[in-house]
Amino acid sequence: MEKSSRPSIQRWLLMMLSCFFLLTMIHAHRSPPPVKLHVTEEHVEIDNGIVKITLSNPTGMITSLGYKNITNILEYRFVEGRRGYYDIMWSKPDHNESYFDRLDCQSFRIIVETDDQVELSFTRTWHHFLDGEVPLNIDKRYIVLRGSSGFYSYANLEHMEGWPDLNIYEARIAFKLHQDMFHYMVISDDKQRMMPTDMDLKTGQHLSYKEAVWLTNSSNPRLRGEVDDKYQYSCDNKDNRVHGWISSKSNLKIGFWVITPSDEFRAGGPVKQDLTSHASSTSLAIFFSVHYAGEDFGVRLRDGERWNKVFGPVFMYLNSDSDSTSIWEDAKRQAAQETKNWPYDFPLSRDFPHSNQRGVVTGRLFVKDRAITPAISAYVGLAQPGDAGSWQTNSNGYQFWSQSDKRGHFSIKGVREGIYNLYAWVPGVIGDYKHHADIIVQPGSQVGMGNITYTPPRNGPTLWEIGIPDRTAAEFYVPDPAPHLVNRLYVNHTEKYRQYGLWERYTDLYPDQDLIYTVGVSDYHRDWFFAHVNSYVPTVWRIVFNTSEVIRRGRYTLRIALASSNMAEIQVRINKFKGTRPHFSTGLIGKDNAIARHGIHGLYRLYNVTVLGSQLVEGTNTIYLRQSRPSSPFIGVMYDYIRLEAPACASTNTTCVSNASWISNSLLFNLLLIYIFHFLASTFHPLIN
């Protein structure tokens with residue numbers, strides 16, 4: 001029995017060893033290869049077997065991006081410094097000239113090199129003798145992880161104490177893709193299309209500004225006669241998680257995607273608009289820019305202020321499949337995963353805190369406007385201390401935003417250590433909320449705000465309103481474009497306002513007289529033009545309304561919320577126009593240029609105008625809104641919402657007396673009492689004695 005059992009045991013051991021080696025080989029085959037780093041005098045190459053990124057040494061420009069068996073998906077016909085690069089626009093405060101800087105660096109070092117991760121740093125240091133260069137220390141980082149189908153990048157910009165004053169208007173990463181490969185662009189589910197080539201743009205006809213091109217000689221017959229403009233593909237920060245391109249000349253299509261997992265390092269809050277991808281096979285990771293905000297927007301450093309900010313990381317993702325739909329769906333899944341993983345724990349800069357070094361702020365927001373209700377879908381955020389609404393123009397610091405649920409609960413996660421103000425605005429409610437106390441966030445802390453209440457501006461009941469207080473003009477009448485200036489992507493589209501030249505349709509619709517809106521008769525969806533523009537002459541819009549009873553000594557309130565303004569001035573007159581001075585004027589406001597850039601909104605402004613009851617009549621009244629600056633068709637405003645409120649006493653059935661009159665009458669009454677007292681005292685004084 002022993003002799004016969006030995007061969008069986010040996011065979012069993014041999015089978016077990018064979019299985020072990022087979023499983024080991026399978027595991028080795030499935031396990032991603034290690035990340036490899038190769039450094040030469042002119043280039044640095046990181047390769048993880050899926051992607052291969054080549055960077056110039058020591059400037060840190062992306063010269064080549066390989067994917068699987070494709071050597072380079074970037075535009076190799078451009079010089080190495082124009083394929084993939086950071087750049088900023090900057091100026092000195094006392095100079096009108098601005099400068100473009102690609103942030104080419106002077107030294108390179110390896111932060112970490114393991115089988116699982118390579119992180120590289122390219123740096124440039126400023127010194128006082130470098131007067132012509134931007135006064136910033138620059139640290140550009142690139143990360144490749146094992147098994148990852150892409151690479152991460154972030155940058156730390158630093159301005160030391162005592163350094164010269166500085167304006168920074170724009171900061172971004174730009175990618176110029178191989179134009180023979182990438183023709184199909186995707187911004188969202190409903191914004192994707194075959195795009196014109198660089199030659200199509202060069203041979204087309206430039207329109208009112210250079211970015212807009214009428215494609216008169218496109219190589220693609222389906223695009224011929226359309227208008228292309230990079231601003232047509234802008235979107236809000238909150239909606240800009242992933243965008244990019246899909247190659248069109250291969251059975252195995254390739255996707256290139258810019259994924260931005262967080263808005264914390266962007267500027268201007270969740271509804272700040274900016275560029276994404278556009279023609280010439282260009283993809284952008286915009287950190288901030290003056291677009292849709294104006295030249296006063298951006299980083300402003302004064303009086304030797306010390307400042308540093310980490311921009312990113314963003315993730316450049318590559319994928320492939322046989323059809324474009326599958327590639328896009330996979331890109332969205334990857335973007336969702338990157339967002340879920342934020343804040344990342346693998347970047348090794350000491351200026352980028354990991355998840356366990358961040359805090360959480362929670363609470364519940366209510367709105368008190370005649371009644372107290374939960375603030376539904378409110379945007380609640382933390383930003384640098386400032387006035388209510390100052391987050392719109394905040395670029396120096398970080399911002400952290402969340403939306404409340406149906407019961408008003410909010411949770412702001414992943415907050416960096418610091419001192420913040422808590423801000424909010426509620427769709428459907430005018431104005432901006434700011435919490436009265438500073439919010440101090442420490443590493444790992446959980447700050448509970450409890451119940452907080454926003455009381456929006458209101459002096460009395462609503463007599464009438466025009467529009468929806470949502471900070472856009474999207475609910476108003478947006479016309480069809482001129483037939484020869486169409487971008488077919490936006491025909492029957494929810495973002496119809498992205499079409500070129502819509503400002504010019506105003507004179508087509510109102511050739512003889514300006515817009516007249518009659519409360520109770522007109523419908524703002526069709527009768528209120530989306531932008532108050534002009535054709536080189538001032539335009540006067542009229543709001544006509546009836547009042548059966550006027551509280552003569554009362555104070556009415558006209559609320560005018562603007563969604564955008566560009567070098568405009570709105571003058572308000574009540575019932576009398578000719579020969580009268582404006583009852584109210586905004587003064588010259590705004591430089592967001594959102595009308596020309598098809599933006600439907602820029603920066604939000606709210607004006608509260610007092611209207612005396614003595615200025616109104618029982619019967620028909622007219623409010624005149626005059627746009628008085630007619631120097632360009634792009635000068636104008638977009639209204640968000642307009643409301644007229646009655647005096648507060650109108651809802652209480654009491655006699656309405658102004659505060660000034662009440663004070664005046666009270667003083668007279670008190671003086672009368674004093675006079676009577678002295679008269680009685682002098683009359684009866686002898687009797688008392």
Side-chain angles (χ1 to χ4, degrees), residues 30 32 48-53 65-70 73-74 84 144-153 173 175 177-195 220 222 232-263 266 270 273-279 281-286 312-342 344 403 487-495 498:
R30 289 180 177 177
N48 71 353
I50 305 171
V51 295
K52 181 191 294 185
I53 178 174
L65 181 57
Y67 175 68
K68 294 185 177 180
N69 62 341
I70 305 296
I73 67 163
L74 301 180
V144 176
L145 303 179
R146 186 173 191 161
S148 177
S149 187
F151 69 95
Y152 298 85
S153 188
I173 314 176
F175 296 94
L177 303 181
H178 195 320
Q179 295 187 39
D180 293 341
M181 291 178 60
F182 294 95
H183 296 152
Y184 194 80
M185 185 184 74
V186 184
I187 307 299
S188 64
D189 287 338
D190 60 354
K191 288 197 288 187
Q192 48 183 277
R193 66 171 310 182
M194 195 69 70
M195 292 293 288
N220 186 341
R222 291 178 293 178
Q232 292 177 320
Y233 310 109
S234 299
C235 71
D236 292 351
N237 283 343
K238 64 182 174 59
D239 302 320
N240 183 4
R241 285 289 167 264
V242 54
H243 63 86
W245 294 79
I246 300 174
S247 65
S248 56
K249 285 195 172 183
S250 173
N251 292 330
L252 185 66
K253 299 180 184 297
I254 297 171
F256 172 85
W257 309 101
V258 175
I259 295 177
T260 307
S262 171
D263 291 332
R266 284 171 166 165
Q273 288 192 90
D274 235 312
L275 300 175
T276 55
S277 289
H278 59 76
S281 305
T282 298
S283 267
L284 303 171
I286 300 284
V314 293
F315 183 46
M316 276 54 70
Y317 179 61
L318 291 94
N319 61 354
S320 57
D321 209 319
S322 58
D323 68 279
S324 299
T325 301
S326 298
I327 292 178
W328 169 234
E329 292 299 321
D330 176 67
K332 288 194 296 182
R333 285 192 295 269
Q334 187 66 40
Q337 186 61 46
E338 298 296 328
T339 302
K340 182 180 178 181
N341 292 342
W342 187 270
Y344 299 134
Q403 264 193 290
N487 183 326
R488 294 188 185 93
L489 173 63
Y490 294 108
V491 174
N492 298 321
H493 195 279
T494 56
E495 295 184 16
R498 297 287 182 191

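As the structure is a prediction and not an experimental result, all values here were calculated from the model.
His183 meets the side-chain hydrogen bond (donor to acceptor under 3.5 Å, both in side chains) test with Ser248; sequence neighbours excluded. Residues that satisfy the side-chain hydrogen bond (donor to acceptor under 3.5 Å, both in side chains) test with Asp239, not counting sequence neighbours, are absent from this structure. Residues passing the salt bridge (Lys or Arg N to Asp or Glu O under 4.0 Å) test with Asp321, sequence neighbours excluded: none.
From Ile173, atom CD1 reaches atom OG of Ser283 across 11.5 Å, with rounding to the nearest 0.5 Å. Remark: Met194 CE to Asn220 CG distance equals 7.0 Å, nearest 0.5 Å. To the nearest 0.5 Å, the span separating CG on Asp323 from CG on Asn251 amounts to 12.5 Å. The OG atom of Ser149 lies 12.5 Å from the CH2 atom of Trp257; values are rounded to the nearest 0.5 Å.
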Problem set entry | Audit row: Glu338, Tyr152, side-chain contact (heavy atoms from CB on, under 4.5 Å) steps and yes/no | CA-CA 11 Å; Glu338 298 296 328; Tyr152 298 85; 3.0 Å; yes
Exercise. Does the side-chain contact (heavy atoms from CB on, under 4.5 Å) test come out yes or no for Ile73 and Phe182, once each step is laid out?
Worked result: CA-CA 9 Å; Ile73 67 163; Phe182 294 95; 3.9 Å; yes
Exercise. Hey, mind stepping through Ile187 and Ser277 against side-chain contact (heavy atoms from CB on, under 4.5 Å) and telling me if it holds?
Worked result: CA-CA 7 Å; Ile187 307 299; Ser277 289; 4.0 Å; yes
Problem set entry | Intermediate values then yes/no, side-chain contact (heavy atoms from CB on, under 4.5 Å), Val242 and Tyr317 | CA-CA 10 Å; Val242 54; Tyr317 179 61; over 6 Å; no
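Remark: the Tyr67 side chain and the Ser320 side chain contain an N/O donor-acceptor pair separated by less than 3.5 Å. Between the side chains of Glu495 and Tyr233, not a single donor N or O lies within less than 3.5 Å of an accepting N or O. With hydrogens and angles left out, the side-chain atoms of Asp190 and Tyr490 include no donor and acceptor closer than 3.5 Å. Judged by distance alone, the side chains of Asp263 and Asn237 never bring a donor and an acceptor atom under 3.5 Å apart.
Within the 4.5 Å cutoff, side-chain heavy atoms of Thr260 are placed close to those of Arg266. At a threshold of 4.5 Å between non-hydrogen side-chain atoms, the residues Ser234 and Arg498 count as touching. Contact of the Leu65 side chain with the Phe151 side chain is registered, since non-hydrogen atoms from C-beta on lie closer than 4.5 Å. Two residues are said to be in side-chain contact when any heavy atoms from C-beta on lie closer than 4.5 Å; Phe315 and Gln334 meet this criterion. Inter-residue side-chain proximity for Gln192 and Met185 is flagged as unmet; no heavy-atom pair is nearer than 4.5 Å. Asn48 places none of its side-chain heavy atoms less than 4.5 Å from the side chain of Leu145. Put simply, the side chain of Thr276 reaches to within 4.5 Å of the side chain of Asn240, judged on heavy atoms. At a threshold of 4.5 Å between non-hydrogen side-chain atoms, the residues Lys191 and Val186 do not count as touching.
Within 6.0 Å of NZ on Lys253 lie more than 12 heavy atoms contributed by other residues, nucleotides or ligands.
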